[in-house]
Amino acid sequence: MQKRWVEQKVQDLAEIEELRQALKIDAVLARLLVGRGVNSFEKARDFFRPTLEHLHDPFGMKDMDLAVARIETAIANHENILVYGDYDVDGTTSVALVYSFFKKYHSAIDFYIPDRYKEGYGISSQGIDYASEHGFTLIIALDCGIKSIDKIDYANSMGIDFIICDHHLPGDTLPAAFAVLDPKRADCEYPYKELSGCGIGFKLIQAYSQKNNIPLSDIFCYLDLVAVSIASDIVPVTGENRVLAWYGLKKLNDDPCKGLSALMNLSGRRENFTITDVVFTIGPRINAAGRIDDAKHAVNLLIAETEEIALEKGQVINIKNTERKEHDSTITEQALALIAADPQLISRKTTVVYNQEWHKGVIGIVASRLTEKYYRPTIVMTLSNGHAAGSARSVLGFDLYEALSECSDLLEQFGGHKYAAGLTMKTENIPAFQQRFEEVVSRSIPDELLVQAISIDAEIELSSIDPKFYRILKQFEPFGPQNMAPIFLSRNVYTYGSASTVGGKHLKMTIRQDKQTFFNCIGFGLGDHLPLINSGIPFDICYTIEENTWMDKTSLQLNIKGIRTLQTA
């Protein structure tokens, strides 16, 4: 599928020039900074030199004083504390962080992860019953709970207090918990709203440490867990998250906790992990525990205190990840075949598929795969506890949650955000839902949103890419949502020699734009362009710039994201 190339508009030229002169850098780099809101020397200094001193005061978060005081009371009175979290990466890293920290100061503490299949997402009645039966009087809920109004009422009726640490958007009414930590609540003036669930957990232990004169250096050892949560939960890498991710990645690469170290070794890679590396190597392995078996395995790995235990737990999770990939591959093939066999499904602006035999733990991944293939709002469903349970994914710019809201009368429940959601419905409602969802999306989605876009930051000549340019560009890291690796456009380039394919579908070539400038390139999944570019005609490319190390020699290469000629533009 040919993608749209969208060139970003140039910002205020005077502002760019002023920043260029202040920093003494290339105008293109100044433009990139201004596009990220970095439009002064002071902001650039903070951007390029993040420091832990830039972290906000945790007591600026609504209810933080109540949360810390309640934990202090629980520890003083030897109460049993239960740390409760979701079964995904953000949830399990949150639990590992908060549990590990408070375990140092309080022995009567345990953790609980709900079963994805028996209990579902968020606070469950079973989890509260477990707490009651085992004498827990305080539950610290992480990465969930902001909409669990009835469950918190149930816990209150049993004499169990809740501290909710969530980062999802609250409903109109907050649960009646002892404390609700969520920067997105309307009455919270905390200056940064986009923390991950694990980030909220980190702010909790930061506040507790400040109040109890614990050196902050004692909590920085958990920043590798925070970085993994930021990467895997796809939250913006801006503001406070950028500081946490920068230091968290440093910790991950220099001195990771035993559990993460085991996963890094099992992934076959050991150093120079980026946000992207975490997303594709560490995150899926942690997620696999809850998708295929029990997410408690992930927490036990992340809190492991010895290399031997970490390796043992890591190998179990690695096996689960292999199973996950097998389910993923099989179900994706079945779903694609289902669509291909139905002309009506192919012609729609949505994809809604159901098979009662599909594994619930991977339908979200499959939904993402189908979205990549057909690039339209997608829902994949399977049978779970007598209902159709689904995972939904959207395309850039389209509010999936709003579309589901218009179908809410056909749903038992749904939740999520603009680009991803979960839902359940009666199986007999599936045909009506398929039709309604198609109608809602068709009348509200602009056609251009159904064609994937490549957002191009700037047009440059290949000759402008030199070691100094790349050295400064590299300091834009860590890359992630709202601070993505810049994509550049260069026009009228030619292959130098013949291009070839590797792995059957990936393009490998050397290109030139003048007689002096040559760059090696890799284009993943772009092998179809081989005959065209080997014909000798000029073409345009959009790409990111990266380092490639081969035979102990490191050089710059272009990672091609798109190719076009006059015929394909």
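Side chains included, hydrogens not; waters and symmetry mates left out as well; all remaining heavy atoms used.
Between D409 and R436, at least one side-chain nitrogen of the basic residue sits less than 4.0 Å from a carboxylate oxygen of the acidic one, meeting the salt-bridge criterion. Under a 4.0 Å N-O distance rule, the pair E7/R31 does not qualify as a salt bridge. We find that E406 and R443 are joined by a salt bridge, their nearest charged nitrogen and carboxylate oxygen being less than 4.0 Å apart. Between R564 and D540 a salt bridge is recorded (basic side-chain N to carboxylate O distance below 4.0 Å).
Here the side chains of T427 and Y354 are in contact, with some heavy-atom distance below 4.5 Å. Within the 4.5 Å cutoff, the side chain of M484 has no heavy atoms near those of the F479 side chain. Counting heavy atoms from C-beta outward, I445 and L449 have side chains that approach closer than 4.5 Å. Between V353 and L370, some side-chain heavy-atom pair lies under the 4.5 Å cut-off. Between D86 and L142, every side-chain heavy-atom pair lies at or beyond the 4.5 Å cut-off.
No donor-acceptor pair closer than 3.5 Å links the side chain of S384 to the backbone N or O of A389. For Q356 (side chain) and T382 (main-chain N/O), no donor-acceptor pair under 3.5 Å exists by modelled atom type. Using modelled atom types, one side-chain atom of S94 and one backbone atom of D90 make a donor-acceptor pair closer than 3.5 Å. Between the side chain of N300 and the main chain of K296, a donor-acceptor pair closer than 3.5 Å is present. At least one donor-acceptor pair under 3.5 Å links the side chain of K193 to the backbone N or O of P183. The closest donor-acceptor contact from the side chain of Y87 to the backbone of G122 lies at 3.5 Å or more, if one exists at all. In terms of modelled atom types and a separation under 3.5 Å, the side chain of H506 and the main chain of G525 share a donor-acceptor contact. Under the 3.5 Å distance criterion, the side-chain polar atoms of S232 are left unmatched by any main-chain donor or acceptor of S229. Remark: side-chain polar atoms of S347 are paired, donor with acceptor, to backbone N or O of Q344 under 3.5 angstrom. Looking at N253, its side chain does come within 3.5 Å of a backbone N or O of L249 through a donor-acceptor pair.
A perpendicular orientation is assigned to the rings of Y496 and F518, their planes being inclined by more than 60° (bins at 30° and 60°). Between F433 and F437, the ring-plane angle classifies as parallel under the 30° and 60° cut-offs. Under the 30°/60° scheme for interplanar angles, the aromatic rings of F414 and Y401 are found to be tilted.
Geometrically, R242 engages F47 in a cation-pi contact, judged by NZ or CZ lying under 6.0 Å from the ring centre and within 45° of the ring axis. Taking the centre and axis of the six-membered ring of Y494, the NZ or CZ atom of R512 falls inside the cone set by 45° and 6.0 Å.
In this structure, CZ on R285 lies 12.0 Å from CG on N287, to the nearest 0.5 angstrom. One distance of note links CZ of F539 with CZ of R491; it measures 14.5 Å at 0.5 Å rounding. Note that NE2 of H529 is 12.5 Å distant from OG of S535, once rounded to the nearest 0.5 Å. The distance from atom CD of Q434 to atom CG of L410, rounded to the nearest 0.5 Å, is 11.5 Å. Annotation: the span from N534 atom CG to S498 atom OG amounts to 5.0 Å, rounded to 0.5 Å. A distance of 4.5 Å separates CD1 of I200 from CG of L195, quoted to the nearest 0.5 Å.
For the 3.5 Å distance criterion, the side chains of W246 and E477 fail to qualify, holding no donor opposite an acceptor. If you check the side chains of T238 and N483, you find no donor sitting under 3.5 Å from an acceptor. Counting only N and O atoms by type, the side chains of T281 and S267 include no donor and acceptor under 3.5 Å apart. If you check the side chains of D166 and H168, you find a donor sitting under 3.5 Å from an acceptor. Inspection of the R376 and T371 side chains reveals no N or O donor paired with an N or O acceptor under 3.5 Å. Between the side chains of S490 and Y543, at least one donor N or O lies within less than 3.5 Å of an accepting N or O. A donor and an acceptor atom, one from each side chain of S455 and Q8, are located under 3.5 Å apart. Side-chain contact check for Q557 and E547: no donor-acceptor pair (N or O, by modelled atom type) lies under 3.5 Å. The closest side-chain donor-acceptor pair between E438 and T350 falls under 3.5 angstrom. Side-chain atoms of T332 and D328 include a donor-acceptor pair closer than 3.5 Å.
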Starting from the C-alpha separation in whole Å, work towards a yes-or-no answer on side chain to side chain contact (heavy atoms under 4.5 Å, CB included) for I430 and M381. CA-CA 9 Å; I430 293 175; M381 296 186 289; 4.0 Å; yes
Show the numbers, then the answer: is there a side chain to side chain contact (heavy atoms under 4.5 Å, CB included) between V362 and I331? CA-CA 8 Å; V362 299; I331 295 172; 3.5 Å; yes
As a quick check of understanding, evaluate side chain to side chain contact (heavy atoms under 4.5 Å, CB included) for L396 and Y375, giving each step before the final call. CA-CA 9 Å; L396 187 64; Y375 207 70; 3.6 Å; yes
Please walk me through it: do V89 and D233 pass side chain to side chain contact (heavy atoms under 4.5 Å, CB included)? CA-CA 7 Å; V89 178; D233 220 53; over 6 Å; no
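For P343 against A341, the heavy-atom pair with the smallest separation is CD-O, 3.7 Å. Closest approach of L507 to A499, counting heavy atoms only: CD1-CB, 4.3 Å. Nearest heavy atom pair, residue P486 against residue D457, reads CA-OD1, 3.3 Å. Nearest heavy-atom pair, P478 versus A245, reported as atom, atom and distance to 0.1 Å: CG-CB, 4.0 Å. Taking both residues in full, the closest heavy atoms of L404 and L411 are given as O-CD1, 4.0 Å, listed atom of the first, atom of the second, then distance. Across V28 and A458, no two heavy atoms sit closer than the pair CG1-CB, 4.0 Å.
Counting heavy-atom neighbours within 6.0 Å of K418 NZ, excluding the residue itself, gives a total above 12. Open room surrounds CG on D528; 12 or fewer heavy atoms of other groups in view lie less than 6.0 Å from it. Within 6.0 Å of NZ on K184 lie more than 12 heavy atoms contributed by other residues, nucleotides or ligands. The 12-atom threshold is not exceeded at CZ of F280, counting heavy atoms of other residues, nucleotides or ligands nearer than 6.0 Å.
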